[in-house]
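These notes concern the structure reproduced below.
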Amino acid sequence: MTTSVIIDCDPGHDDALALLLAVGDPRVDLLGVTTVAGNQTLDKTTRNAQRILALAGAEKIPVAAGADRPLVGDLTVAEDIHGASGLDGPELDLPVADVAGVHAIELMRRLITDAAEPVTLIATGPLTNVALLLRTHPRLTRQIRHIVFMGGSTERGNTTPYGEFNIVTDPEAADIVLRSGLPLTMIGLNVTHQALATTEIIAEFQGMGTRLGSVCAELMTFFAGAYRRNFGFGHPPVHDPVAVAAVIDPEIVRRETVNVTVELAGAYTRGATVADLHRRTKREPNADVAVSLDVDAFWRLLMAAVRTVSTANTAG
Ligand code: RIB
Ligand code: CA
């Protein structure tokens, strides 16, 4: 059984692995990829999405660029984490596939409208495009099965003490999504920080003996240096593929159905996700919040998918 999926992303080292997981796992029918400004500027996140799809031999999957800034305020990219290109580390060939000649919101509308079944949206960047889609085409919600987003945290943040990058970048967009009434799953730092690309994982990428395997090893080596320098992590957490894995195998995360809000006005906490895990407020539950991850199952899933893509494109 396959799931029809659109991925909205801001590649980004971990977004790249999320795309490879979606391309390589047979349970995902990746209808299209849309890009948003976040880790880097929109032109760079879009070019990076094209590069990864081209490397994976998936140039036929349509790519469309979306919002180049958050709904409110200015964009602050994560150059300290993902580098000037947004995918620093490997030398990547320039993309071969053109971007779709439409805005991301229009591509999403077309794909969702034409899909044979309701579509699952997986967001691994700021939620700007998803919020714009819900506001521009409110009647489409009937054909959206589920929104799974990598963002937020039930604990501390990574961009501010209590704010995670994707949500802090566009809190208003997150608020629109959290109030949408659609089935939501939040994959926060509290679980993604368990998905660490260890030296053994990097060696396994390299051991694939393919261009794609080497690119993944080089991406993770750069990512490891960035996380060591910025956070003192021994290994880098690959946040975004956890959201894709949770769609492929829902059992890979344990969830609590609770109320999640986002702080919009806090002087020190703007962009913090407030997950009422102990149900202390009377606010209605509106999201499934991941609270634990089957780490071994996650890596088995991801490495199998990358190996599939890798061997299918021996040149890739
Ligand atoms: O906070 C981690 C998230 O922000 C990941 O999606 C990473 O790619 C960045 O977008
Ligand atoms: Ca991302």
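Remember, it's 1-based here, ligands and their atoms both numbered in the order they're listed. These values consider heavy atoms only, across backbone and side chains, with no hydrogens, waters or symmetry-generated copies.
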Cationic N near anionic O, under 4.0 Å, [X] to [Y]:
X: Glu256; Y: Arg254; result: yes
X: Arg279; Y: Glu284; result: no
X: Arg179; Y: Asp175; result: yes
X: Glu204; Y: Arg307; result: yes

Exercise for the section: Have a look at the Ca ion (ligand 2) and estimate, to 10 degrees, the angle subtended by OD2 (Asp15) and OD2 (Asp240). Expected result: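 Here the angle at the metal atom is close to 70°, to 10°.
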Could you identify the single nearest non-hydrogen protein atom to [atom] and state the distance to 0.1 Å?
atom: atom 1 (O) of ligand 1; value: Glu164 OE2, 2.5 Å
atom: atom 4 (O) of ligand 1; value: Asn166 OD1, 3.2 Å
atom: atom 6 (O) of ligand 1; value: Asp240 OD1, 2.5 Å

Exercise for the section: Return yes when at least one N/O/S atom of Thr124 is nearer than 3.0 Å to the Ca ion (ligand 2), and no when none is. Expected result: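 Of the N, O and S atoms in Thr124, at least one lies under 3.0 Å from the Ca ion (ligand 2), which means yes.
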Heavy atom under 4.0 Å from ligand 1: found in [X]'s side chain, backbone, both, or neither?
X: Thr124; answer: backbone
X: Asn158; answer: side chain
X: Thr192; answer: neither

Practice task
Looking only at N, O or S atoms, find the one in Asp10 nearest to the Ca ion (ligand 2) and name it.
Solution key: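 Nearest to the Ca ion (ligand 2) within Asp10's N, O and S set: OD1.
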Exercise for the section: Indicate, with yes or no, if the rings of His239 and Phe165 have centres closer together than 6.0 Å. Expected result: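 Ring centroids of His239 and Phe165 are no less than 6.0 Å from each other.
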Handout entry: Pair His82 and Phe222, ring centroids less than 6.0 Å apart
Key =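 No - the distance between ring centres of His82 and Phe222 does not fall below the 6.0 Å cut-off.
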Problem - Result of checking Asn129, Thr128, Thr124 against Asp8 for side chain to side chain donor-acceptor pair (under 3.5 Å) - result: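 Single pass found, and it is Asn129.
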Give the numbers and elements of all ligand 1 atoms closer than 4.0 Å to a heavy atom of [X].
X: Phe165; result: 1 (O), 4 (O), 9 (C), 10 (O)
X: His239; result: 2 (C)
X: Asp15; result: 8 (O)

Exercise for the section: May I ask you to check if ligand 1 and Asp10 share an N or O to N or O distance below 3.5 Å? Expected result: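 The answer is yes, given that Asp10 and ligand 1 share an N or O pair closer than 3.5 Å.
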Handout entry: Shortest non-hydrogen contact between Gly12 and Asn48, atoms and distance
Key =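 Shortest heavy-atom contact: N-ND2, 4.4 Å.
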Practice task
Tell me which one of Asn39, Val168, Asp14, Ile167 gets a heavy atom nearest to atom 5 (C) of ligand 1.
Solution key: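 Going through Asn39, Val168, Asp14, Ile167 one by one, Asp14 has the nearest heavy atom to atom 5 (C) of ligand 1.
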Exercise for the section: Tell me whether the guanidinium CZ or amine NZ of Arg156 lies under 6.0 angstrom from the six-membered ring centre of Tyr162 and within 45° of its axis. Expected result: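 Cation-pi check for Arg156 and Tyr162: passes.
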